[in-house]
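Report on the structure given below.
In what follows, residues are counted from 1 in the order of the sequence shown.
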Amino acid sequence: MKQKIQNKKLQLLSIPQTARLLNVKRETIEMWLQDPEVPRLFVGRSKQVRLPQKQFFEYLDSRAKDWPQYQ
C-alpha cells in the first residue's frame, strides 16, 4: 500500500525573522550558527542563510533538554 505524500511547505526563516520570533538579538542567532549542527540552508548566489523552522526548533528543543552539558 502506498503512503499518501502530503505537500508540506518548508518554512525557511532568515536570521532577523528568527531573532524576532524568539525575541532575541540577531547576534544571538549568529552565535548559535557557529555550531555546525544547527540546521541551515544557503540560498541564492550570495549564499544567504535560511533556517528551516521545524528542524531549527527541534534542534533548540534537543539542546534545551541538556543545556547544562553545553555551558
Side-chain angles (χ1 to χ4, degrees):
M1 180 164 36
K2 288 187 178 180
Q3 274 188 314
K4 191 174 189 179
I5 298 174
Q6 295 179 355
N7 184 13
K8 293 186 178 182
K9 188 175 182 181
L10 180 63
Q11 179 70 30
L12 298 177
L13 302 171
S14 67
I15 293 173
Q17 287 173 322
T18 306
R20 281 192 302 273
L21 188 62
L22 296 174
N23 198 29
V24 297
K25 292 183 179 183
R26 176 188 178 110
E27 291 81 14
T28 302
I29 304 301
E30 290 171 347
M31 181 183 67
W32 291 344
L33 285 168
Q34 292 177 12
D35 181 351
E37 292 185 24
V38 172
R40 72 193 88 195
L41 298 170
F42 298 97
V43 298
R45 285 184 176 178
S46 62
K47 305 288 184 194
Q48 294 179 9
V49 174
R50 294 291 182 263
L51 304 166
Q53 184 175 3
K54 181 180 177 192
Q55 290 88 348
F56 182 69
F57 285 117
E58 288 171 353
Y59 165 83
L60 289 179
D61 187 49
S62 70
R63 295 290 273 212
K65 291 177 185 172
D66 299 322
W67 186 248
Q69 169 185 331
Y70 300 109
Q71 292 186 6

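- Under the rule for a side-chain contact (heavy atoms from CB on, under 4.5 Å), Asn23 has no partner lying at least two apart in sequence or in another chain.
- Within the model, atoms CG of Leu12 and CD of Gln55 stand 9.0 Å from one another, a figure rounded to the nearest 0.5 Å.
- Asp35 approaches Arg40 most closely through the heavy-atom pair O-NH2, 2.6 Å.
- Residues meeting the side-chain contact (heavy atoms from CB on, under 4.5 Å) test with Leu22, sequence neighbours left out: Thr18, Val24, Ile29, Trp32, Phe56, Phe57, Leu60.
- Taking both residues in full, the closest heavy atoms of Pro39 and Pro52 are given as O-CD, 3.6 Å, listed atom of the first, atom of the second, then distance.
- Atom CD of residue Gln53 and atom CG of residue Leu21 lie 6.0 Å apart, to the nearest 0.5 angstrom.
- By the side-chain hydrogen bond (donor to acceptor under 3.5 Å, both in side chains) test, Arg50 pairs with Gln48, sequence neighbours left out.
- For residues 24-33, the set of pairs meeting the salt bridge (Lys or Arg N to Asp or Glu O under 4.0 Å) definition, not counting sequence neighbours, comprises Arg26-Glu30.
- Ser14 is linked by a side-chain hydrogen bond (donor to acceptor under 3.5 Å, both in side chains) to Gln17, counting only residues two or more places apart in sequence or in another chain.
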